[in-house]
Engineer: 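Starting off with a structure, shown below.
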Amino acid sequence: CLGPRCCGRCRRAAYCGPEHQALDWRSGHRRSCGQHAAGDDSADAIPQHNEFLFPEYEILIEPEEPEFPADSADDEQGAEDTSKDAKEQEELGAAGIADETFQSLDEETLEAMAKHETEEEKIFQMFKKQVAAEPEQIVRYCRGGEGPLWVSGENRPEEKDIPNCVCGAKRIFEFQVMPQLLNHLQVDSLGESIDWGTLVVYTCADSCGGGNEYLEEFIWKQDYSM
């Protein structure tokens, strides 16, 4: 959808407001604007923008289904046993290489590493299981309820890491942006791809109003564990 405003000189570049028009002018439109007449409708009359446009979609709002159906416990147990057997075989196969690598590490260090990997696996598997129920979910909204769905046990914010709102009230978790959005945005085509595990947004607990102005909120970016 084209913005309601357009460049008064070339009448070709559309904007949603004066702020974006000024930004585009500084970013290079000032050089391309004067190269074409106002009435030129040829394809190359459209100015070259440094920005890019993402594909447009409709976002549907639906409640999440229960995570675990009551009659699926046996199936899950069977799948878990199969996964455990496969994992044990993989660990045994890599034991020859691992022995040489870890032979210099003491037992306490090895135990700590194994425990850390187990916890990380558990958190990531829980994340994948939740995502599998709604593979197209791009935003997970849950203001005032349970916390965010983390992809890792690392880089989680503590209460002191979340700054208060400008009104003085605390900020609380409202919604998170899921990594599935990256597939829909086709970011790999940009040349410089972007990536995240999840983006968690915290907003004012008192929902303070700012009139017609947007209020600055706080976002926490968590990447996949390395």
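Values below: all heavy atoms of this structure, side chains included; hydrogens, waters and symmetry mates excluded.
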Engineer: Using the side chain to side chain donor-acceptor pair (under 3.5 Å) criterion, which residues pair with Arg140? Sequence neighbours excluded.
Structural biologist: Glu64, Glu146
Engineer: Name all residues meeting the side chain to side chain donor-acceptor pair (under 3.5 Å) criterion together with Glu134; count only those two or more places apart in sequence or in a different chain, and write none if there are none.
Structural biologist: none
Engineer: With the side chain counted from C-beta on, respond yes when Pro148 and Thr198 share a heavy-atom pair under 4.5 Å apart, and no when they do not.
Structural biologist: no
Engineer: Please assess Leu182 against Asp195 for the test side chain to side chain contact (heavy atoms under 4.5 Å, CB included), listing each intermediate value before the final yes or no.
Structural biologist: CA-CA 7 Å; Leu182 295 168; Asp195 192 21; 3.4 Å; yes
Engineer: Does some side-chain heavy atom of Leu181 sit less than 4.5 Å from a side-chain heavy atom of Trp196?
Structural biologist: yes
Engineer: What's the verdict on side chain to side chain contact (heavy atoms under 4.5 Å, CB included) for Phe127 and Lys122, showing C-alpha distance, side-chain angles and the deciding distance?
Structural biologist: CA-CA 9 Å; Phe127 178 83; Lys122 187 185 300 182; over 6 Å; no
Engineer: Please determine whether side chain to side chain contact (heavy atoms under 4.5 Å, CB included) holds for the pair Leu215 and Cys208, giving the CA-CA distance in whole Å, both sets of side-chain angles, and the decisive distance to 0.1 Å.
Structural biologist: CA-CA 9 Å; Leu215 294 180; Cys208 65; 3.6 Å; yes
Engineer: Among all residues two or more places apart in sequence or in another chain, which pass the side chain to side chain donor-acceptor pair (under 3.5 Å) test with Thr203?
Structural biologist: Arg143, Glu174
Engineer: Under 3.5 Å, side-chain donor or acceptor atoms of residues 156-168 against the rest of the protein: list the pairs with distances, not counting sequence neighbours.
Structural biologist:
| from | atom 1 | to | atom 2 | distance (Å) |
| --- | --- | --- | --- | --- |
| Arg156 | NE | Ser152 | O | 3.2 |
| Glu159 | OE2 | Lys170 | NZ | 2.6 |
| Asp161 | OD2 | Glu158 | N | 2.8 |

Engineer: Would you say Met178 and Val139 make side-chain contact, with heavy atoms under 4.5 Å?
Structural biologist: no
Engineer: Quick one: does Asn155's side chain have a donor or acceptor within less than 3.5 Å of a partner on Lys221's backbone?
Structural biologist: yes
Engineer: Should Pro18 and Arg5 count as side-chain neighbours, where that means a heavy-atom distance under 4.5 Å?
Structural biologist: yes
Engineer: What verdict does the side chain to side chain contact (heavy atoms under 4.5 Å, CB included) test give for Ile172 and Tyr202, after you've listed the backbone C-alpha separation in whole Å, the side-chain angles of each residue and the deciding distance to 0.1 Å?
Structural biologist: CA-CA 5 Å; Ile172 60 174; Tyr202 296 84; 5.6 Å; no
Engineer: Within a strict 4.5 Å, meaning less than it, do heavy atoms of the Ile219 and Val200 side chains meet?
Structural biologist: no
Engineer: Can you sort out the partners of Gln222 under side chain to side chain donor-acceptor pair (under 3.5 Å), two or more places apart, ordered by chain and number?
Structural biologist: none
Engineer: Scan residues 159-186 for pairs that pass ring-ring contact (aromatic ring centres under 6.0 Å, His included), counting only residues two or more places apart or in two chains.
Structural biologist: Tyr57-His184
Engineer: So Gln176 and Leu199, do their side chains get closer than 4.5 Å, heavy atoms only?
Structural biologist: no
Engineer: Any idea how Phe218 and Trp220 line up, ring-wise: parallel (<30°), tilted (30 to 60°), or perpendicular (>60°)?
Structural biologist: tilted
